[in-house]
Amino acid sequence: MDPYRVWLSEVMLQQTTVAAVTPRFERFVTKWPTVEALAAADDADVFAEWAGLGYYARARNLLACARKVAARGGFPASAADLRGLPGIGPYTASAIAAIAFGEAAPAIDTNIRRVIARLHALERPSDAEIEALLGNMIPAGRAGDFIQALMDLGATICRARAPRCDHCPLRTDCQAFATGQPEAFPAPKIKTVRPQRYGIAWWIERDGAVWLVRRPHKGLLGGMAALPSSDWGDSLAPDVNALSMVRHVFTHFALDLKIVRAGEPIGEGWWHPVDRLADAGLPTLFKRAAALAVAARRPCAAA
DNA sequence: AACTCGTGGTA
DNA sequence: TTACCAAGAGT
């Protein structure tokens with residue numbers, strides 16, 4: 001299988017559902033059919049194509065990786081050599097090696113971790129423990145098929161919530177099933193409180209265009225196009241005359257972002273036509289903010 | 001080792 | 001509505 005496609009799909013699928021990835025993958029490979037084409041792309045075009053997929057460090061690492069791979073003349077064919085490339089961690093290195101190159105690499109994702117943990121009724125298995133147990137299961141010459149089958153089992157039968165043990169081919173060997181509480185393995189993560197933050201984004205419009213900026217390369221939404229915004233603090237934004245507000249939930253905090261009209265451009269940026277906002281490559285937070293600003297600017301006449 | 005880093009679907 | 005969860009990696 002084409003290592004470029006395997007790599008791209010595996011990176012897109014990191015913490016992201018198949019349903020969300022599938023259409024985006026097709027667009028991506030149509031635009032950049034080879035790793036050489038991707039390596040030659042402009043950063044802003046790739047970031048825009050990634051907009052909405054989340055975890056934007058993946059897009060930055062994707063470009064860095066494509067350029068290294070193109071420079072060396074192709075993907076390395078072993079998990080060990082893939083592992084050092086930007087955005088390729090333990091799972092992705094093994095998955096590419098197994099699926100694209102047939103290496104018997106124990107690719108451990110959250111599905112496989114859950115299946116193995118339940119088979120042996122382990123509450124907090126270490127990576128090494130899972131890897132050893134999985135290694136014993138991989139049939140010779142079928143590593144890629146096997147790990148994909150195990151991932152599918154985890155995704156459809158051995159699900160995190162409400163596992164379908166009555167459909168499971170491993171039921172008679174499963175120690176978690178034997179306990180009567182298979183969903184108790186592995187132990188659920190400890191939940192933490194999600195802090196609330198507040199900020200302001202500015203809507204600056206002139207001659208049918210809005211002022212956009214590029215966020216700093218590191219940190220949240222790093223490298224992405226955005227509306228100019230304040231720092232996001234722990235206290236309520238001052239009482240400003242806002243066009244609207246977006247409530248957005250990130251992984252580790254929730255944000256109330258007020259959208260405020262301003263007159264002059266803020267920071268380094270560019271004018272983008274308001275009627276082509278869909279092409280601006282805004283991440284979801286700012287895409288929603290921009291949509292609300294447009295709606296507030298032109299209130300719908302129909303009640 | 002613990003924290004950072006998005007988003008949308010599901011129950 | 002709330003809470004959980006998803007084919008993890010980087011620091």
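Predicted model, so just to flag it, every value in this text is computed and none were measured. Lettering of chains follows the sequences in order, A, B, ..., and the numbering in each one begins at 1.
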K.L.:
Calculate the interatomic distance between A/N111 atom CG and C/dA6 atom C1'; express it in whole Å.
P.N.:
8 Å

K.L.:
CG of A/L220 versus P of C/dG10: gap in Å, rounded?
P.N.:
18 Å

K.L.:
Select base, sugar-phosphate, or nothing to describe what A/S9 touches, counting heavy atoms under 4.0 Å on all strands.
P.N.:
nothing

K.L.:
Report yes if a side-chain nitrogen or oxygen of A/Q14 is closer than 4.0 Å to either non-bridging phosphate oxygen (OP1 or OP2) of C/dG8; otherwise report no.
P.N.:
no

K.L.:
For A/V11, which contact category applies under a 4.0 Å heavy-atom criterion: base, sugar-phosphate, or nothing?
P.N.:
nothing

K.L.:
Cation over ring, A/R118 on A/F185, under 6.0 Å and within 45°?
P.N.:
no

K.L.:
Which listed nucleotide (C/dA7, C/dG10, B/dG6) is nearest to the side chain of A/D152?
P.N.:
C/dA7

K.L.:
Check the side chains of A/N61 and A/R58 for a donor-acceptor pair under 3.5 angstrom, ignoring hydrogens and angles.
P.N.:
no

K.L.:
Check A/E10, A/R113, A/Q14 against A/Y91 for a side chain to side chain donor-acceptor pair (under 3.5 Å) and give me the one that passes.
P.N.:
A/E10

K.L.:
Under 4.0 Å: is that the gap between some side-chain N or O of A/T16 and OP1 or OP2 of B/dG6?
P.N.:
no

K.L.:
About how many Å separate CE of A/M224 and CZ of A/R60, when rounded to the nearest 0.5 Å?
P.N.:
9.5 Å

K.L.:
Could you tell me if A/S78 and A/E103 have a donor-acceptor pair between their side chains, going purely by distance under 3.5 Å?
P.N.:
no

K.L.:
Using a 4.0 Å heavy-atom cut-off, does A/K189 contact any base of the nucleic acid, only the sugar-phosphate backbone, or nothing at all?
P.N.:
nothing

K.L.:
Nearest-Å distance, CD (A/Q148) to P (C/dA7)?
P.N.:
13 Å

K.L.:
Does OP1 or OP2 of C/dG10 have a side-chain N or O of A/Y55 closer than 4.0 Å?
P.N.:
no

K.L.:
Is A/E49 salt-bridged to A/R27, going by a charged N under 4.0 Å from an acidic O?
P.N.:
yes

K.L.:
Roughly how many Å apart are C/dA6 and B/dG6, using the C1' atom of each and rounding to a whole number?
P.N.:
12 Å

K.L.:
For the side chain of A/T251, counting heavy atoms from C-beta on, which of B/dT7, C/dA7, C/dG8 is nearest?
P.N.:
B/dT7

K.L.:
Contact class for A/G222 vs. all strands (heavy atom < 4.0 Å): base, sugar-phosphate, or nothing?
P.N.:
nothing

K.L.:
Determine whether the side chains of A/R194 and A/T251 contain a donor N or O and an acceptor N or O closer than 3.5 Å.
P.N.:
no

K.L.:
Any idea which of B/dT7, C/dA7, B/dC5 is nearest the A/F250 side chain?
P.N.:
B/dT7

K.L.:
Using nucleotides 8-11 of chain B, report all nitrogen or oxygen pairs with the protein that are shorter than 3.5 Å.
P.N.:
unit_1	atom_1	unit_2	atom_2	d
B/dG8	OP2	A/R288	NH2	2.9

K.L.:
Regarding A/L221, tell me which of base, sugar-phosphate or nothing describes its non-hydrogen contacts under 4.0 Å with the strands shown.
P.N.:
sugar-phosphate

K.L.:
A/L257 has an atom CG; how far is it from atom C1' of B/dG6, in whole Å?
P.N.:
15 Å

K.L.:
Let me know the distance between OH of A/Y56 and C1' of B/dT4, rounded to the nearest Å.
P.N.:
15 Å

K.L.:
Counting the atoms with a prime plus P, OP1 and OP2 as sugar-phosphate, which does A/P90 contact under 4.0 Å by heavy atoms, base, sugar-phosphate, or nothing?
P.N.:
sugar-phosphate

K.L.:
Taking the P atom in each of B/dT10 and C/dA7, what is the distance between them to the nearest angstrom?
P.N.:
14 Å

K.L.:
Measure CE/A/M224 against C1'/B/dC5 and give the value in whole Å, please.
P.N.:
13 Å

K.L.:
Within the structure shown, what part of the strands sits under 4.0 Å from A/R114 by heavy-atom distance: base, sugar-phosphate, or nothing?
P.N.:
sugar-phosphate

K.L.:
What's the verdict on ring-ring contact (aromatic ring centres under 6.0 Å, His included) for A/H252 and A/F250, showing C-alpha distance, side-chain angles and the deciding distance?
P.N.:
CA-CA 6 Å; A/H252 55 291; A/F250 293 102; 7.6 Å; no

K.L.:
Identify, between A/M151 and A/G87, the residue whose nearest nucleotide on DNA chain C lies closer to the 5' end.
P.N.:
A/M151

K.L.:
Figure out the CD/C1' separation between A/E10 and C/dA9, and round it to whole Å.
P.N.:
14 Å

